[in-house]
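Step one of this worksheet: look at the structure below.
Remember, it's a predicted structure, so these values are computed and weren't measured experimentally. Here is the naming used below: chain letters follow the sequence lines, and residue numbers restart at 1 for every chain.
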Amino acid sequence: MTVRVRFAPSPTGYLHVGGARTALFNWLFARRNNGVFILRIEDTDTARSTEEATQSILDGMRWLGLNWDEGPFYQTHNHALHKAAAEALVASGHAYRAYETKEELDAMRAEAEVRKVPFKYNGAHRELTPEQQAAFEAEGRSHVIRFKVPRTGGSVKFTDLVYGEQEKAFDDIEDFSFYRSEGGALYLLSNAVDDAEQRVTHVIRGQDGLANTPKQVLLYQAMGKTVPQFAHLPLILDENRVKISKRIHGDAATVKFYKEKGFLTEAYLNFLALLGWSSGDEREILSLDDMRDAFSFERISHTNAIFNLKGTDERNWIDPKLLWMNSEYLKAMPLDRLVAQVRPFLEEAGLWQDAYANEEAEWFARTVDLLRARYRVLTDFATYGKPYFSDEFEFEAEAVKKNFKDPALRDLLPQLADHLETLEEFTHDSVEAGLRAFAEAKGVKAGLLINGSRTALTGQSVGPSMFELFAVMGKARSVTRLRKALS
RNA sequence: GCCGCUAUGGUGUAAGUGGUUAACACGCUGCCCUCUCAAGGCAGAGAGUACGGGUUCGAGCCCCGUUAGCGGUACCA
């Protein structure tokens, strides 16, 4: 039987990091088994669903590169099917109409609260006679539809592919509602009906669905549908062990944030996969193909993983491992692809020039290649990289303090500029020879000039090998900056 | 409250069916490179596996209890 899985986010907000990982695992499992990956938008909560959110989820999925084979399907389009399923469950005696108002229910809950007794709907309307129902209808009451959970003892059992055998006593399951009084299925039903209709074989979702699964199993069975396999994923928590949400974590909870901060999708996905899963060997840098080949539910952890959104310090402003992983991909990826990815970040910062894509394309690629060794995110090219792409850059106080300390530099740097200006070739080797000769003639250490030049040319105290840097900057800019720096 | 899931260094994970001094990665610290470093190389610190019992010749792996965290407990998804 063909494996069919789905990612079913609700469009009440942006694509969330936890959602991204759920989508990834579904995708991996589908691809691993030559199965079908379905995208379904669960928009039955009309009060909270928005078109904008749907769009951003789609955008997020595209950025992640998790292509789907079917969909996107919209759950609201299946209203008729949900309604028919609900009515059929009433007709078959698996469910019943309950006429309590929301207020009455709230009152019952409140009372249970004060009496400190667990609230469970009492099933008062389980066996209403047609006359009683008619009376409620005459009163103008509407009704929800509730599942008639067996009260004969026993339990629901299912095997979770990640968490193992699960069993829940009927007595611990209340007669849950699954259809609204104003019409419209609730999650438990719509989700199950759609999964059945779309012939989903494996439901892979967050662990927050685990506790509700017994109810859905009951629903599948009552509807006479095949119960799919379930695989629940541990949750992703923040450094304080709080579930990550837009409300408390802001943008950092969304996939879009990582795109804008300059993370590469491959690195991001790789990092997310490692939050709750491991390959089985000691590899950690894994391409999508590697992950697909190594993926299995057995290797998914049962423990909630922590994604350090706050980071540890200024340098590690977000989970250090994510930063590290991104830098690894930055260094290893094909240069032409990196060049293409850097462009929008320079454009965003107003540092892009069309020449970089035309007559200066070679220079641009060379510069990006030179810089990537010590950068970690794409935005670094627009921040730390600014001196390479613009003449307007800041001098870092620490760099000035450290590399311009020697007062002799005030004269030496311009003199060095004069000396280098006479060079016919301006390459790594020629500049090195020229600078060292100059240093010797002046009786100063080359290092003094090298470090002073670094700060003169970039305003920074760290960076690529200085002679590479000279070569990339070119004679004109190098000379100008050497003269200007301390004047 | 009730029901359930989980518990290995700061973080992410390893340690097939219990068997030597608990491994790897990130981060951290130090050293080297001496043209710097946020790059690279090397080294080191850091858990005795939440706690308490038990089973066993032997337990991170099994059982029980406690504690803690998380999830569920909606006419949200």
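Less than 6.0 angstrom separates the ring centroid of A/F307 from the ring centroid of A/F271. Checked against the 6.0 Å centroid threshold, A/Y96 and A/H125 do not count as a close aromatic pair.
Between the C1' atom of B/U73 and the CG atom of A/D171 lies a distance of 16 Å, rounded to the nearest Å. Protein atom CZ of A/R374 is 12 Å distant from nucleotide atom C1' of B/C33, rounded to whole Å. Counting to the nearest Å, the C1' atom of B/G71 and the CD atom of A/Q216 are 15 Å from each other. Rounded to an integer number of Å, the gap from A/Y187 OH to B/U73 P is 10 Å. Between the NZ atom of A/K243 and the C1' atom of B/U6 there is a distance of 16 Å, given to the nearest Å. The distance from atom CH2 of A/W317 to atom P of B/G27 is 15 Å, rounded to the nearest whole Å. The nearest whole Å value for the distance from the NE2 atom in A/H82 to the C1' atom in B/C75 is 16 Å. When the C1' atom of B/U36 is taken as reference, atom CG of A/L469 falls 11 Å away, rounded to whole Å.
Here B/G27 is the nucleotide among B/G27, B/A39, B/U11 with the atom lying nearest to any side-chain atom of A/W324. If you check B/C5, B/C35, B/C28 against the side chain of A/R436, the one that comes closest is B/C35. Candidate nucleotides B/C35, B/A39, B/C3 were compared by shortest atom distance to the side chain of A/A373, and B/A39 ranks first. The side chain of A/K321 lies closest to B/A25 when the candidates are B/A25, B/U11, B/C5. When the nucleotides B/C75, B/A25, B/C76 are ranked by their closest atom to the side chain of A/V144, B/C75 comes out on top. Here the nucleotide nearest the side chain of A/E328, chosen from B/U13, B/G40, B/C37, is B/G40. The listed nucleotides are B/G71, B/G12, B/A77; the one nearest the side chain of A/N212 is B/A77. Counting only heavy atoms from C-beta on, A/D319 has its side chain closest to B/U11 among B/U13, B/U11, B/C70. Which of B/U36, B/A77, B/C70 sits closest to the side chain of A/Q75 comes down to B/A77. Among the nucleotides B/C3, B/C28, B/C5, the one closest to any side-chain atom of A/L210 is B/C5.
At B/G72, none of the side-chain N or O atoms of A/K215 fall inside 4.0 Å of OP1 or OP2 (strictly under the cut-off). One finds no side-chain N or O of A/R315 lying less than 4.0 angstrom from the OP1 or OP2 phosphate oxygen of B/C26. OP1 or OP2 of B/A77 has at least one side-chain nitrogen or oxygen of A/R180 nearer than 4.0 Å. Checking the phosphate oxygens (OP1, OP2) of B/U6, no side-chain nitrogen or oxygen of A/R241 falls inside 4.0 Å. Residue A/H302 has no polar side-chain atom (N or O) positioned under 4.0 Å from OP1 or OP2 of B/C5. Within the 4.0 Å cut-off from OP1 or OP2 of B/C35, not a single side-chain nitrogen or oxygen of A/S453 is found. Under 4.0 angstrom from either OP1 or OP2 of B/C24 there lies no side-chain N or O belonging to A/R283. Contact between the side-chain N/O atoms of A/R299 and the OP1/OP2 oxygens of B/A15 is found at a separation under 4.0 Å.
Glycosidic conformation, B/G41: anti, with the torsion outside 90° of 0.
No contact: A/P9 has no heavy atom under 4.0 Å from any strand. At the heavy-atom level, A/R372 lies nowhere under 4.0 Å from the strands shown. Counting any heavy atom pair closer than 4.0 Å across all strands shown, A/S461 reaches a base atom. A/F467 comes within 4.0 angstrom of a nucleotide base, judged by non-hydrogen atoms across all strands. Residue A/T44 is classed as a sugar-phosphate contact, given heavy-atom separations below 4.0 Å to backbone atoms only. Among the heavy atoms of the strands, none lies under 4.0 Å from A/K120. The residue A/N308 sits apart from the nucleic acid: no heavy atom pair falls under 4.0 Å. Among the heavy atoms of the strands lying under 4.0 Å from A/E182 is at least one base atom, whether or not backbone atoms are also near. Within the 4.0 angstrom heavy-atom criterion, no nucleotide atom of any strand lies near A/E103. If you check every strand for non-hydrogen atoms under 4.0 Å, A/S181 touches a base. Within the nucleic acid shown, A/S278 comes within 4.0 Å of sugar-phosphate atoms alone, with no base atom in reach, counting heavy atoms only. Across all strands, A/E42 comes closer than 4.0 Å only to sugar-phosphate atoms, never to a base (heavy-atom distances). Using a 4.0 Å heavy-atom criterion, one finds that A/F178 contacts no nucleic acid atom at all.
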Salt bridge (charged side-chain N to carboxylate O under 4.0 Å, His left out) assessment of A/R6 paired with A/D195: CA-CA 8 Å; A/R6 79 326 190 248; A/D195 280 343; 2.8 Å; yes
Pair A/H232-A/D208, side-chain hydrogen bond (donor to acceptor under 3.5 Å, both in side chains): steps then yes or no: CA-CA 8 Å; A/H232 287 90; A/D208 41 1; over 6 Å; no
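Base pairing of B/U67: its partner is B/A7, meeting the Watson-Crick or G-U wobble criterion (both donor-acceptor distances under 3.5 Å). Searching all strands for a Watson-Crick or G-U wobble partner of B/C33 with both distances below 3.5 Å returns nothing. When both distances must be under 3.5 Å, the Watson-Crick or G-U wobble mate of B/U49 does not exist. Judged by Watson-Crick or G-U wobble contacts below 3.5 Å, the nucleotide B/G16 has no partner. Across all strands shown, nothing is found opposite B/G27 as a Watson-Crick or G-U wobble partner with both distances under 3.5 Å. In this entry B/C75 has no Watson-Crick or G-U wobble partner, no candidate having both defining distances under 3.5 Å.
A distance of about 12 Å separates the P atoms of B/C63 and B/A7, rounded to the whole Å. Remark: the separation of the P atoms in B/G19 and B/C37 is 47 Å, to the nearest Å. Between B/A45 and B/G9, the two C1' atoms lie 11 Å apart (nearest whole Å).
Summary of the strand contacts: A/M466 and A/G276 both lie near RNA chain B, and taking for each the nucleotide with the nearest heavy atom, the more 5' one is attributed to A/G276. In terms of position on RNA chain B, the residue among A/R109 and A/W277 whose nearest nucleotide sits closer to the 5' end is A/W277.
Ring geometry for A/F395 versus A/F404: interplanar angle of 30 to 60°, hence tilted. In this structure, A/Y163 and A/H302 have tilted ring planes: the angle between them lies in the 30° to 60° band.
In the model, A/D281 has a side-chain atom that pairs as donor or acceptor with a side-chain atom of A/S279 under 3.5 Å. A side-chain N or O of A/Y99 and one of A/E137 form a donor-acceptor pair less than 3.5 Å apart. With hydrogens and angles left out, the side-chain atoms of A/D45 and A/Y187 include no donor and acceptor closer than 3.5 Å.
The base of B/G12 is paired with the side chain of A/E284 by a donor and an acceptor separated by under 3.5 Å.
A/E398 has no carboxylate O lying under 4.0 Å from a charged side-chain N of A/K402, or vice versa, which leaves the two without a salt bridge.
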